[in-house]
Undergrad: 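Right, I'll just put the structure down here and ask away after.
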Amino acid sequence: MPELPEVDRARAALERVVGRRIEAVGDHDSFVCRPFAPGEIAAALVGHEIVGVRRTGKQLLVDTTGPVLGLHFGMSGSLRFDVPTDERFTRFWVRFDDGGTMVLRDPRRLGRVVLDPVQRLGEDALLVDGPTFRDLVGRSRAPVKARLLDQAVVAGIGNLLADEALWRARIDPRRRGVDLDRAELVHLYRAVRASVRDAMAAGGSGRSRFGTARKAGVCPRDGVPLASAKVGGRTTRWCPREQR
DNA sequence: AGCATTGTTTCACA
DNA sequence: TTGTGAAACAATGC
């Protein structure tokens, strides 16, 4: 369930392992750990201590006294602590010197585990300032939703948050960035930040009023059936009456 | 059976 | 050249 709010929750949970030493690593899922060979990540990490945890967008960075461990949850990844490492869907795990474990559970295996990740990400959605956001989003000829989903522009916004923010800002997801005026971009910027913050408070993306309504197919403000189409390659729902 | 899925990368094309 | 969008990736659930 990972968009920025879920990943940030994982970051907070990871704070508990700071200061622990890595005793063993399970890196034998060659798809999730690609392009590293089985044992390669383990060899690089064993014996090192976790010294910090950072997040940019949906990317998690675990600093150690050795390499940086990069974690990405893909579509279905999540972290578990102090559970057995042989459970179904365990794709990667770390055991610490205190006997505790960190397990990456990821049924669909679209998550990634890498050493020293090279990031090509834009500014984090929670940190980007208004003028920068307006400039980056407002200069594109792509549908505004596709622009929001582009992690190289603003990092952390996924499909649900994008729909949520556009609904709050009352903007049609199919409109081109260049066709939005300054006031609309201001609204969108505020809507993005509010959507992210609310999702974090609610414990996840898609738990908002619109997130619930998105499934039901009815706009929670005016009861109009939501429109649905592929925008930016993703299923998109919006209120055809309010979002212009 | 068929289709959709809260993500990212690659590749074809304008 | 730059940007855009569809397909591929893997696996599950409806």
Side-chain angles (χ1 to χ4, degrees), chain A residues 1-11 28-36 55-61 70-79 87-92 104-114 117-122 124-126 135-168 173-179 192 195-217 226 228-238:
Chain A
M1 338 170 329
E3 295 189 39
L4 190 155
E6 290 78 15
V7 180
D8 197 67
R9 175 167 269 212
R11 180 203 54 73
H28 292 278
D29 188 309
S30 54
F31 186 75
V32 169
C33 297
R34 72 189 184 283
F36 296 92
R55 178 193 60 74
T56 302
K58 306 169 193 171
Q59 170 96 56
L60 220 43
L61 301 172
L71 301 175
H72 198 291
F73 294 146
M75 207 85 103
S76 63
S78 60
L79 289 183
E87 287 190 329
R88 200 155 83 109
F89 305 140
T90 291
R91 311 302 185 190
F92 179 82
L104 173 66
R105 183 191 136 89
D106 182 13
R108 289 177 61 186
R109 300 172 72 209
L110 290 174
R112 291 293 291 273
V113 178
V114 297
V118 183
Q119 298 199 76
R120 300 184 309 182
L121 297 175
D124 189 84
L126 278 180
D135 179 51
L136 289 171
V137 175
R139 106 172 39 161
S140 168
R141 288 171 309 175
V144 60
K145 172 165 177 183
R147 194 69 172 163
L148 289 178
L149 290 176
D150 188 342
Q151 303 300 301
V153 176
V154 178
I157 304 170
N159 197 33
L160 297 183
L161 282 177
D163 276 5
E164 168 93 31
L166 287 161
W167 176 74
R168 290 193 191 210
R174 300 166 298 179
R175 286 180 63 196
R176 306 186 307 165
V178 286
D179 293 333
V192 164
S195 299
V196 173
R197 274 190 267 104
D198 288 356
M200 293 177 78
S205 311
R207 295 195 179 192
S208 63
R209 213 157 58 104
F210 181 73
T212 308
R214 192 181 183 279
K215 289 197 199 114
L226 296 178
S228 184
K230 288 255 191 263
V231 181
R234 310 298 302 281
T235 298
T236 302
R237 296 194 222 284
W238 71 96

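Per chain, numbering begins at 1; letters A, B, ... match sequence-line order. Predicted model, so just to flag it, every value in this text is computed and none were measured.
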Undergrad: Please check this pair: side chain of A:Thr236 against backbone of A:Arg234, looking for a donor-acceptor N/O pair closer than 3.5 Å.
TA: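 Checking the backbone N and O of A:Arg234 against the side chain of A:Thr236, a donor-acceptor pair under 3.5 Å is found.
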
Undergrad: Are A:Leu126 and A:Met200 side-chain neighbours, meaning at least one heavy-atom pair lies under 4.5 Å?
TA: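 When only atoms from C-beta onward are counted, A:Met200 and A:Leu126 do touch, with a gap below 4.5 Å.
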
Undergrad: P atom, B:dT9 versus C:dT1: distance in rounded Å?
TA: 22 Å

Undergrad: How many Å lie between CG on A:Asp198 and C1' on B:dT6, as a whole number?
TA: 17 Å

Undergrad: For A:Arg147 and A:Arg139, indicate whether the former's side chain and the latter's backbone hold a donor-acceptor pair under 3.5 Å.
TA: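 Between the backbone of A:Arg139 and the side chain of A:Arg147 there is no qualifying donor-acceptor contact (under 3.5 Å).
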
Undergrad: Shortest non-hydrogen contact from A:Gly232 to A:Leu149?
TA: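 Result for this residue pair: O-CD1, 4.4 Å.
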
Undergrad: If I pick the P atom on C:dT4 and the same atom on B:dT6, what distance separates them, to the nearest angstrom?
TA: 22 Å

Undergrad: Between A:Leu149 and A:Arg108, which has a closest nucleotide on DNA chain B that is more 5'?
TA: A:Arg108

Undergrad: Within this structure, what is the CZ-to-C1' distance between A:Arg147 and C:dT2, rounded to whole angstrom?
TA: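 Computing the A:Arg147:CZ to C:dT2:C1' distance gives 12 Å.
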
Undergrad: Can you tell whether the side chains of A:Arg11 and A:Asp8 come within less than 4.0 Å, N to carboxylate O?
TA: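 Salt bridge flag = yes for A:Asp8 with A:Arg11.
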
Undergrad: Checking all strands, does A:Arg237 fall into the base, sugar-phosphate, or nothing category for heavy-atom contacts under 4.0 angstrom?
TA: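 Here A:Arg237 touches the backbone only, sparing every base.
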
Undergrad: Do A:Arg34 and A:Phe31 form a cation-pi contact, if we require the NZ or CZ to be under 6.0 Å from the six-membered ring centre and within 45 degrees of the ring's axis?
TA: yes

Undergrad: Have a look at A:Arg112 and say if it touches a base, only the backbone sugar-phosphate, or nothing, with a 4.0 Å heavy-atom cut-off.
TA: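 Nothing: the residue A:Arg112, judged by heavy atoms under 4.0 Å, touches no strand.
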
Undergrad: Between A:Leu148 (CG) and B:dG7 (C1'), how many Å, whole number?
TA: 15 Å

Undergrad: Within this structure, what is the CG-to-C1' distance between A:Asp150 and C:dA6, rounded to whole angstrom?
TA: 15 Å

Undergrad: Map every base of DNA chain B to its dot-bracket character, where paired means a Watson-Crick or G-U wobble contact with both distances under 3.5 Å and | marks a partner outside the strand.
TA: .||||.||||||||

Undergrad: Tell me yes or no: between the side chains of A:Thr56 and A:Asp124, is some donor less than 3.5 Å from an acceptor?
TA: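 No donor-acceptor contact under 3.5 Å links the two side chains.
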
Undergrad: Could you tell me whether A:Arg34 contacts a base, only the sugar-phosphate backbone, or nothing, with contacts defined as non-hydrogen atoms closer than 4.0 Å?
TA: nothing

Undergrad: Taking atom P of C:dA8 as reference, at what distance in whole Å does atom CZ of A:Arg109 sit?
TA: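 In whole Å, C:dA8 P and A:Arg109 CZ are 19 Å from each other.
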
Undergrad: Need one value for A:Phe31: base, sugar-phosphate or nothing, where a base atom within 4.0 Å counts as base even if backbone is also close, heavy atoms only.
TA: sugar-phosphate

